[in-house]
Amino acid sequence: QLQLVESGGGLVQPGGSLTLSCAASGFTLEYYAIGWFRQAPGKEREGVACIHGTGGGTDYADSVSGRFTISRDNAKNTVSLQMNSLKPEDTAVYYCNANYYGMDYWGKGSLVTVSS
């Protein structure tokens, strides 16, 4: 059974921090490129951050560069997105995607709300 589950979303004040986690079961994330995407109300889905497959690096959208960090914990078979200095415009449902040579898995999403 192949599954991705996001967790860690919630309500946070502007300037605060939150960490999302993407956990896999049934396959090993180490070999997959992992992307975090988000979709805000009335907006198109956009890529936020990506960590590439084995031996690969990371990429970030300009809007989050310097504030967000994507990382792997292979022992736990998870990928995290550390989000700092959050802004109201970061409010969105965040989705985890795992991709390996055309095989593509999505989580159900986790809502992040940045509001005072």
Side-chain angles (χ1 to χ4, degrees):
Q1 184 68 32
L2 306 179
Q3 185 177 357
L4 281 178
V5 178
E6 303 95 336
S7 62
L11 175 64
V12 63
Q13 293 183 334
S17 297
L18 206 61
T19 300
L20 301 178
S21 180
C22 176
S25 61
F27 63 103
T28 302
L29 284 181
E30 179 179 1
Y31 309 115
Y32 287 73
I34 308 299
W36 283 98
F37 296 78
R38 67 187 183 187
Q39 187 165 24
K43 302 283 188 173
E44 298 289 328
R45 185 182 67 182
E46 63 175 346
V48 175
C50 178
I51 186 165
H52 299 284
T54 302
T58 58
D59 292 293
Y60 299 92
D62 289 343
S63 59
V64 307
S65 181
R67 300 188 297 120
F68 289 13
T69 303
I70 187 170
S71 62
R72 295 182 184 272
D73 186 339
N74 290 333
K76 297 177 65 176
N77 204 26
T78 62
V79 172
S80 295
L81 183 68
Q82 300 174 1
M83 303 182 293
N84 299 319
S85 301
L86 283 162
K87 305 173 181 179
E89 52 262 44
D90 294 318
T91 296
V93 177
Y94 284 72
Y95 299 91
C96 179
N97 171 263
N99 182 270
Y100 179 75
Y101 290 95
M103 294 188 293
D104 198 33
Y105 305 103
W106 288 91
K108 297 297 184 182
S110 184
L111 176 63
V112 173
T113 302
V114 184
S115 177
S116 60

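Residue numbers run from 1 in the order of the sequence given. These numbers come from the heavy atoms of this one structure, side chains and all, not from hydrogens, waters or symmetry mates.
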*Taking side-chain contact (heavy atoms from CB on, under 4.5 Å) as the test, write out the residues that go with Val93, two or more places apart.*
Tyr95, Leu111
*Scan for salt bridge (charged side-chain N to carboxylate O under 4.0 Å, His left out) pairs involving residues 45-59, sequence neighbours excluded, and state none if there are none.*
Arg38-Glu46
*Would you call Leu86 and Leu18 a side-chain contact if the rule is heavy atoms closer than 4.5 Å?*
yes
*asked:* What I'd like to find out is whether the side chain of Val79 reaches to under 4.5 Å of the side chain of Ile70, using heavy atoms alone.
replied: yes
*Contacts of type side chain to side chain donor-acceptor pair (under 3.5 Å), residue Ser17, not counting sequence neighbours*: Asn84
Please table the atom pairs, donor to acceptor, closer than 3.5 Å between any side-chain atom in residues 21-33 and protein atoms at least two apart or in another chain.
none

*In terms of hydrophobic clustering (I, L, V, M, F, W, Y; side-chain heavy atoms under 4.5 Å; direct or indirect links), are Tyr101 and Ile51 co-clustered?*
yes
*Does Val48 share a hydrophobic cluster with Val112, counting links as ILVMFWY side-chain heavy atoms below 4.5 Å and allowing steps through other members?*
yes
_Residues in side chain to side chain donor-acceptor pair (under 3.5 Å) contact with Asn74, at least two apart in sequence or another chain_ = none
*Where at least one partner belongs to residues 53-87, residue pairs that pass disulfide bond (SG atoms under 2.5 Å apart), sequence neighbours excluded*: none
*Quick one: list whatever passes side chain to side chain donor-acceptor pair (under 3.5 Å) with Arg67, sequence neighbours left out.*
Asp90
*What residues form a side chain to side chain donor-acceptor pair (under 3.5 Å) with Asp104, not counting sequence neighbours?*
Asn97, Trp106
*What pairs meet the salt bridge (charged side-chain N to carboxylate O under 4.0 Å, His left out) rule with one or both residues in residues 72-89, with sequence neighbours excluded?*
none
*asked:* Quick test of your reading: applying ring pair (Phe, Tyr, Trp, His ring centres under 6.0 Å), list the pairs with at least one residue in residues 38-71, sequence neighbours left out, ordered by first then second residue.
replied: none
